[in-house]
2 protein chains.
Amino acid sequence: MTRKTPSKKPDSLPPDSEAAFLAGYDATVFERPSVAVDVVVLTASRGGLRVALYLRSEHPGKGRWALPGGFVRMDESLDAAAARLLRDKAGLSDLFIEQLYTFGAPGRDPRWRIITVAYYALVDPRRFDEIRVEKGARAASIHVPWSGEEGGPVEVRGDADKPLPLAFDHAEIIGTAVKRLRGKLDYTPVGFQLLPAQFTLRALQDVHETVRGESVNKDSFRRRMLAGGLIEATGEHEREVEHRPAELYRFIRRSAV
Amino acid sequence: MTRKTPSKKPDSLPPDSEAAFLAGYDATVFERPSVAVDVVVLTASRGGLRVALYLRSEHPGKGRWALPGGFVRMDESLDAAAARLLRDKAGLSDLFIEQLYTFGAPGRDPRWRIITVAYYALVDPRRFDEIRVEKGARAASIHVPWSGEEGGPVEVRGDADKPLPLAFDHAEIIGTAVKRLRGKLDYTPVGFQLLPAQFTLRALQDVHETVRGESVNKDSFRRRMLAGGLIEATGEHEREVEHRPAELYRFIRRSAV
DNA sequence: AAAATAGTGTCTATGAGACACTATAGT
DNA sequence: ACTATAGTGTCTCATAGACACTATTTT
């Protein structure tokens with residue numbers, strides 16, 4: 001890692017000049033923010049949207065719940081850092097994961113300046129429940145106080161619907177993830193990431209209703225999904241249900257066209 | 001600015017524990033990436049999409065063209081840094097500006113680790129052309145080698161369609177901005193940010209066609225825009241044109257509902 | 001048989017595209 | 001009068017919602 005020596009540091013420069021730009025450049029050699037990555041691990045089931053949280057046992061944010069996160073290493077990309085944290089803290093890999101937004105308000109961490117690049121990951125409920133239960137890990141249900149894609153912070157609740165206090169600006173980060181997910185649901189194949197490999201149309205509809213926070217028209221939904229060319233029937237049917245078993249479908253990954 | 005002293009640094013910790021998290025935390029006291037902000041200033045006219053670029057006069061990237069950018073100060077938010085850079089480097093303020101994506105590949109800057117939070121700003125062609133012409137400022141036209149919202153790097157060209165070499169990963173950053181703009185055009189009032197306060201429906205259609213890179217149906221477009229409730233007629237008409245003058249419209253900012 | 005959900009067929013309302021037409025400016 | 005663009009009316013087609021109906025499993 002080579003560092004530019006802070007030799008060139010002119011006092012007066014014409015504003016907006018390239019030289020002024022480079023002067024500002026050198027200044028950061030002395031003081032830099034820390035850069036972290038936080039991951040919003042989301043799942044959807046009939047009970048609603050859930051997120052993986054960890055209880056902070058030390059200050060700051062002691063006694064509050066936080067997203068899995070950590071600092072970016074100097075030799076890894078942001079995507080790699082997110083994948084590493086997901087693996088180390090939640091024991092999950094090979095998930096859909098995407099960069100969400102970067103949060104950098106000066107006071108968001110009381111210690112010093114920490115800029116966090118937030119990611120969100122999607123996982124089906126079965127794998128979500130398999131998250132290694134380490135000290136303090138918990139699946140919290142998300143309550144969205146806004147409708148549509150307005151955005152804003154959310155509330156999370158634990159067992160018995162008890163509200164969980166969130167550390168830092170994590171309520172806003174989770175809210176941003178929900179907003180993004182709602183926006184992508186209709187136009188991308190993101191919904192399938194919240195389901196196991198095989199699923200019924202009803203399960204797919206449940207996912208859409210859970211994410212959007214409102215019910216959708218059953219007939220239209222079925223037609224749209226079947227006409228979309230993104231799923232195909234497996235020929236198999238679900239078993240051990242108390243009613244007529246539905247056919248199982250699988251998601252077709254868009255092949256190279 | 002208080003710094004946690006690097007006193008606590010245990011050698012062996014149970015993996016995935018909170019203590020391990022905090023150890024990783026302390027490590028960053030010693031080595032941190034720099035954090036920059038780059039702004040993609042976009043405008044649309046019948047000639048196509050254009051972006052504001054600056055010639056780099058020093059290494060790295062000497063002789064190449066770069067987005068206006070600079071380092072985030074320790075006491076300002078990311079949004080504030082973007083607004084400051086837009087004002088100082090392009091002389092523009094009060095524009096639509098939004099965070100785009102954060103680029104952090106380890107090798108993207110050959111000097112040392114620089115993570116850049118990219119923003120994009122939209123401006124109408126008249127104001128774009130008013131950008132203070134300082135040393136090296138230039139409006140480059142964007143050529144998009146992909147269709148729809150596939151994404152990927154773009155090419156930029158200067159006068160006489162001469163290709164301009166871009167510094168760092170700025171071709172990818174501009175491509176990401178174009179992709180985002182295309183995605184938002186149909187579902188948000190973002191198109192109006194590329195027009196002056198009063199505009200004709202034809203001008204609005206030009207903006208959509210320029211951004212999307214393909215022609216749209218005239219009748220349907222007019223109906224959609226008029227039915228959308230986002231614009232209203234001013235009663236005035238354009239003047240000094242070689243044909244029937246069109247009515248001028250204005251964008252209605254969504255009032256609190 | 002009753003209950004519950006899966007899955008199908010048909011009608012209707014809405015909105016986009018296509019096309020034909022009229023209107024109004026400059027030359 | 002001719003040309004270019006603005007703006008309107010109407011037809012058709014595709015799709016979403018609504019509703020009624022049939023199908024298949026467990027209890």
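Order of the sequence lines sets the chain letters (A, B, ...), proteins ahead of strands, with each chain counted from 1.
One atom, NE2 of A:His208, and another, C1' of D:dA16, lie 15 Å apart when rounded to the nearest Å. In this structure, the CG atom of A:Asp206 is 12 Å from the C1' atom of C:dT5, given to the nearest Å. Atoms CG (B:Leu226) and C1' (C:dG15) sit 14 Å apart, rounded to a whole Å. As a whole-Å value, the separation of B:Gln205 CD from C:dA16 C1' is 14 Å. Going from atom CD1 of B:Ile231 over to atom P of D:dG7 covers 10 Å, rounded to whole Å. Remark: P of D:dG17 and CD of A:Glu214 are 11 Å apart, rounded to the nearest angstrom. If you take CZ of A:Arg202 and C1' of C:dA6, they are 11 Å apart, rounded to a whole angstrom. C:dG7 atom P lies 6 Å from atom CD of A:Glu247, rounded to whole Å.
Summary of the strand contacts: B:Arg244 and B:Val241 both lie near DNA chain C, and taking for each the nucleotide with the nearest heavy atom, the more 5' one is attributed to B:Arg244. Nearest-nucleotide assignment on DNA chain D puts the 5′-proximal partner with B:His243, out of A:Asn217 and B:His243. Checking A:Glu242 against A:Ser220, the closest nucleotide of DNA chain D that is more toward the 5' end is the one next to A:Ser220.
Checking the phosphate oxygens (OP1, OP2) of C:dG7, a side-chain nitrogen or oxygen of A:Arg222 falls inside 4.0 Å.
At the heavy-atom level, A:Arg224 lies under 4.0 Å from the strands shown only through sugar-phosphate atoms.
A salt bridge is absent between B:Asp219 and B:Arg223; no separation between the charged side-chain nitrogens and carboxylate oxygens falls under 4.0 Å. Looking at B:Glu150 and B:Lys179, no side-chain N of the basic residue comes within less than 4.0 Å of a carboxylate O on the acidic one, giving no salt bridge. With respect to B:Glu98 and B:Lys184, a salt bridge is recorded, a charged nitrogen being found less than 4.0 Å from a carboxylate O.
Across A:Tyr249, A:Phe192, A:Phe251, a single residue satisfies ring-ring contact (aromatic ring centres under 6.0 Å, His included) together with A:Phe199, and that is A:Phe192.
One N or O donor and one acceptor, one from the side chain of A:Arg223 and one from the base of D:dG17, sit under 3.5 Å apart. On a pure distance criterion of 3.5 Å, a polar donor-acceptor pair joins the side chain of B:Lys218 and the base of D:dG7.
The side chain of B:Asp219 has C:dA18 as its nearest neighbour among C:dA18, D:dA20, D:dT25.
Checking side-chain atoms of B:Tyr119 against main-chain N and O of B:Val41 turns up no donor-acceptor pair under 3.5 Å.
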